[in-house]
Amino acid sequence: MFESSQLIRKVSVAIAVLAVLIFSPAALAQSCCSPHGGTGCNNAECQSLICGQDPFCCNTQWDALCADAANTQCAVCGGSGCGPACSKTNVECLDGSALENSRAVGQFNPIGCTAFLIAEPNIAITNAHCNLGSPANWFVTFNFECDACENGGTKQPVSFGVQQVLLVDNPNDIMIIRLNGNPAGQFGTVTFDPDPVSAGTQIYEVHHAEGQVKGVDFGQVLNPNVSVPGCPGSINEMAVSVIASQGASGSPVFRQDNHAVTGICNCGPPCSEGFVLPMSTIFPAIEANANANNYALNIFGVNEPPPNNTCGNSIFLSSDGSWEFTNVAATTDGPSESCPGTSDNNVQADVWFSYIASCTGDLTFSLCDSDYNTKMAIYAGSCPTSPDTALACDHNSCPASNRSELTLSVNQGDFLRIRIGGNFGAQGNGTLTISCAGAPDPTCEGNCGGQSPAGCWCDEECFGNGDCCDDVCEFCDDLDGCNSCQDICGDQAPGGCWCDAGCVDLGDCCNDACELCGHCEDDATCLGDLDGDGVVNVFDLLALLENWGSCPGCPADLNEDGVVNVFDLLILLENWGSCPS
């Protein structure tokens, strides 16, 4: 009886809940994911998102366009939650070159058009038909990533006023402006492809209208050469499959294969076929303006940035000597850096190299054999992120020229970053010459406390001067010679521990001898076997890496120079495998 009453109670509760669901307004609404005859849909978050973009969906009917948008954008329908209207894609969903291109695109305010950066440090382009009002009131706003995704991480947008109008070309419907500051240093510039395209070429267009989210359309070229009398300008246009819902005027159209600009939007109805100014037609006017106003354009296949355009892509220089380089078409990657002899507070148009010092002594970097006005800065270790952190910086120390040369004291194994650019952004070609003048060779006399009766020996003073053991035996060949380990390593020299070439060969010299105070091990040591298991393997490698850097006297310092670095790594790798029995 009790069990029956419990069952009846559960059924009653279920019926009550079902009644609430059936007669609630939310339940009366239909699915967001399918078209239906009603208005709105049954998910408040999705309904708010879609109706905010297209009020028709809530005021008139939730039709196929509304459902398509929900399926693209709403999580309840399996969408990414990442896209404006017309089934477009939010640029925050992009990656690689497409995302980098999107960052050069900004809002041209308060006109409502799009503009994008075409040259360092502050040159931008939009449509001539956006030439409305006073330039004194114009500004362009950029952001690092799109602000449309509700849960996307965003950065605050940055706005730059218009300093100068460089070109208004009504027939080509283009306007070029110079902004204040250095927006290209933060948001980059685009690359142009002035070659004609054919029907079927895959493209994407990035737009950022005033007050709207930044979006991207993917499509294709429908007709590369079509007359459109109703569009601004007087040239034939290029028809593409889709353009932005609004704010497309002035937005760049990129080829999907090389991510270079092939046209500029200027005409067309929202969310359907649009029309684009072909770069093959308008580029000569853009290039002429660049030449007249002394700014450099990036042209695909002609002047792409060098491969070491950023510090993260530094080219490693494996030795001293001369290395050719170019900074033509390079952008500025590093932080501001003040150098003597110039008021320019940065190393602009920089390219990057990395290098490991080959000696302890004076290291010289020279750009004297270069064909432009250079600047150079040297950094220790990782890529710099803060201003004025260079070990040294130079503009014009080469004799009677505006070329760079500097010398600094280093220790063998120091890892350095070399940053080469131009004074006030100058660009050209050159040769980097690296030479290292090591410290003088050690001498026996006076350094090692004297001379042992039988040959070479060392003590604490000698060890501190870097003139011990095999160095002494190598450089002091006028002595009677170094005896065998059997005669030397088992004894103690008058001033401390000593060793000879035989001890060196067995790997039981220098620190080993000094620490043991004359007690040679019977067996040869196995350099690199840090855990003493008889094998040099990955566990020893991990132990070495854990001690990377300054580490005087630690077992991982295999060459006993006080630092665990690449030279110790090379010793460990040379002895990889089972130790000699």
(message) Could you tell me if the side chain of Ile356 sits less than 4.5 Å from the side chain of Phe316, heavy atoms only?
(response) yes

(message) Determine whether the interatomic SG-SG distance for Cys368 and Cys398 falls below 2.5 angstrom.
(response) yes

(request) Applying side chain to side chain contact (heavy atoms under 4.5 Å, CB included), name anything that partners Ile235, two or more places apart in sequence or on another chain. (result) Asn172, Leu277, Pro278, Thr281, Ile282

(message) Set out, in order, the CA-CA distance, both residues' side-chain angles and the distance that settles side chain to side chain contact (heavy atoms under 4.5 Å, CB included) for Ile118 and Thr189, then state yes or no.
(response) CA-CA 5 Å; Ile118 63 173; Thr189 60; 5.9 Å; no

(message) Can you tell me how far apart OG (Ser370) and CE (Met376) are? Round to the nearest 0.5 Å.
(response) 8.5 Å

(message) With a 3.5 Å distance limit and no angle check, can you tell me whether Tyr372 reaches the backbone of Gly421 through a side-chain donor-acceptor pair?
(response) yes

(request) Can you see which heavy atom on Phe300 is nearest to which on Ala260, and at what distance? (result) CB-CB, 4.1 Å

(request) Working to the nearest 0.5 Å, report the span between CG of Asn346 and SG of Cys339. (result) 9.0 Å

(request) Check whether the side chains of Asp193 and Asn258 place a donor and an acceptor atom closer than 3.5 Å, and report yes or no. (result) yes

(request) Apply side chain to side chain contact (heavy atoms under 4.5 Å, CB included) to Ile434 and Ile418, showing your working. (result) CA-CA 11 Å; Ile434 304 175; Ile418 308 165; 4.2 Å; yes

(message) Can you tell me how far apart CD1 (Ile299) and CE (Met279) are? Round to the nearest 0.5 Å.
(response) 11.0 Å

(request) Please tell me if the side chains of Ile177 and Val140 come closer than 4.5 Å, counting only heavy atoms from C-beta onward. (result) yes

(request) Calculate, to the nearest 0.5 Å, the distance between atoms OG and CD belonging to Ser336 and Gln348 respectively. (result) 10.5 Å

(message) Can you list everything that forms a ring pair (Phe, Tyr, Trp, His ring centres under 6.0 Å) with Phe353? Sequence neighbours excluded, please.
(response) none

(message) So Asn373 and Phe424, do their side chains get closer than 4.5 Å, heavy atoms only?
(response) no

(message) Determine whether a donor-acceptor pair (N or O, by modelled atom type, separation under 3.5 Å) exists between the side chain of Asn309 and the backbone of Thr331.
(response) yes

(request) Please report the closest heavy-atom contact between Trp62 and Cys51, naming both atoms and the distance. (result) CZ3-SG, 4.1 Å

(request) Using the test side chain to side chain contact (heavy atoms under 4.5 Å, CB included), find all partners of Thr262 that sit at least two apart in sequence or belong to another chain. (result) Val197, Ile203, Met238, Val253, Arg255

(request) For residues Asp169 and Pro171, determine if any side-chain heavy atom of one lies less than 4.5 Å from a side-chain heavy atom of the other. (result) yes

(request) Give a yes or no answer on whether the side chain of Gln427 reaches the backbone of Gly422 with a donor-acceptor pair at less than 3.5 Å. (result) no

(request) Could you tell me whether the SG atom of Cys66 lies less than 2.5 angstrom from the SG atom of Cys57? (result) yes

(request) Provide the closest heavy-atom pair for Ser241 versus Gly219 in the form atom of the first, atom of the second, distance. (result) OG-CA, 3.2 Å

(message) So, taking the atom named CG in Leu416 and the one named CG in Leu408, what distance separates them when rounded to the nearest 0.5 Å?
(response) 6.5 Å

(request) With sequence neighbours excluded, give me every salt bridge (charged side-chain N to carboxylate O under 4.0 Å, His left out) pair touching residues 369-385. (result) Asp344-Lys375

(message) Check this for me: Asn294, atom CG, are more than 12 non-hydrogen atoms of other residues, nucleotides or ligands nearer than 6.0 Å?
(response) no

(message) Evaluate Cys41 against Cys32 for disulfide (SG to SG under 2.5 Å), listing each step before the verdict.
(response) CA-CA 5 Å; Cys41 67; Cys32 299; 1.9 Å; yes

(request) Give a yes or no answer on whether the side chain of Asn327 reaches the backbone of Gly428 with a donor-acceptor pair at less than 3.5 Å. (result) yes

(message) For a quick test of reading the model, state the closest non-hydrogen atom pair linking Cys311 to Pro384 and the distance between them.
(response) SG-CD, 4.1 Å

(message) Quick check: do Thr364 and Glu405 have side-chain heavy atoms less than 4.5 Å from each other?
(response) yes

(message) Under a 3.5 Å cutoff, is there a donor and acceptor pairing between the side chains of Ser435 and Asp320?
(response) no

(request) Start with the C-alpha distance between Leu432 and Leu367, add both sets of side-chain angles, then the distance that settles side chain to side chain contact (heavy atoms under 4.5 Å, CB included), and finish with yes or no. (result) CA-CA 5 Å; Leu432 166 64; Leu367 304 181; 3.8 Å; yes

(request) Report the relative orientation of the aromatic rings in Phe283 and Phe192; use parallel for angles under 30°, tilted for 30 to 60°, perpendicular for over 60°. (result) tilted

(request) Scan for salt bridge (charged side-chain N to carboxylate O under 4.0 Å, His left out) pairs involving residues 415-424, sequence neighbours excluded, and state none if there are none. (result) Asp350-Arg419

(message) If we ignore hydrogens and angles and just use 3.5 Å, is the side chain of Gln256 paired with the main-chain N or O of Phe254 as donor and acceptor?
(response) no

(request) Begin from the C-alpha positions of Leu363 and Tyr355 and carry the test side chain to side chain contact (heavy atoms under 4.5 Å, CB included) through to its verdict. (result) CA-CA 11 Å; Leu363 183 62; Tyr355 165 82; 3.5 Å; yes

(request) Name all pairs fulfilling the salt bridge (charged side-chain N to carboxylate O under 4.0 Å, His left out) condition that reach into residues 278-293, sequence neighbours left out, sorted by first residue then second. (result) none

(message) Run the side chain to side chain contact (heavy atoms under 4.5 Å, CB included) test against Asp394 and tell me which residues pass, sequence neighbours left out.
(response) Ser397, Ser404, Leu406

(message) Whether the side chain of His395 engages the backbone of Thr374 through a donor-acceptor N/O pair (distance < 3.5 Å, no angle test) should be reported.
(response) yes

(message) Using every non-hydrogen atom in the two residues, find where Asp195 and Ser280 come nearest and quote the distance to one decimal.
(response) C-CB, 4.2 Å

Side-chain donor-acceptor distances from residues 119-130 under 3.5 Å, at least two apart:
{"unit_1": "Glu120", "atom_1": "OE2", "unit_2": "Thr332", "atom_2": "N", "d": "3.2"}
{"unit_1": "Asn122", "atom_1": "ND2", "unit_2": "Leu179", "atom_2": "O", "d": "2.8"}
{"unit_1": "Asn122", "atom_1": "ND2", "unit_2": "Gly181", "atom_2": "O", "d": "3.2"}
{"unit_1": "Thr126", "atom_1": "OG1", "unit_2": "Thr114", "atom_2": "O", "d": "2.7"}
{"unit_1": "Asn127", "atom_1": "OD1", "unit_2": "Gly250", "atom_2": "N", "d": "2.6"}
{"unit_1": "Asn127", "atom_1": "ND2", "unit_2": "Asp173", "atom_2": "O", "d": "3.2"}
{"unit_1": "Asn127", "atom_1": "ND2", "unit_2": "Cys265", "atom_2": "O", "d": "3.4"}
{"unit_1": "His129", "atom_1": "ND1", "unit_2": "Asp173", "atom_2": "OD1", "d": "3.3"}
{"unit_1": "His129", "atom_1": "ND1", "unit_2": "Asp173", "atom_2": "OD2", "d": "2.9"}
{"unit_1": "His129", "atom_1": "NE2", "unit_2": "Ser249", "atom_2": "OG", "d": "2.9"}

(message) I'd like to know if the two cysteines, Cys77 and Cys33, have SG atoms within less than 2.5 Å.
(response) yes

Let me check something: any side-chain donor-acceptor pairs from residues 220-228 under 3.5 Å, sequence neighbours excluded? List them with distances.
{"unit_1": "Asn223", "atom_1": "OD1", "unit_2": "Asn225", "atom_2": "N", "d": "3.0"}
{"unit_1": "Asn225", "atom_1": "OD1", "unit_2": "Asn236", "atom_2": "ND2", "d": "2.9"}

(message) How close do Ala64 and Pro35 get, counting heavy atoms only, and between which atoms?
(response) N-CB, 3.7 Å

(message) For the OG1 atom of Thr326 and the CD1 atom of Ile420, what is their distance to the nearest 0.5 Å?
(response) 10.5 Å

(request) Using the test ring pair (Phe, Tyr, Trp, His ring centres under 6.0 Å), find all partners of Tyr295 that sit at least two apart in sequence or belong to another chain. (result) none

(message) Please enumerate all residues that pass ring pair (Phe, Tyr, Trp, His ring centres under 6.0 Å) together with Trp138, with sequence neighbours excluded.
(response) Phe108

(message) Run the ring pair (Phe, Tyr, Trp, His ring centres under 6.0 Å) test against His259 and tell me which residues pass, sequence neighbours left out.
(response) Tyr204

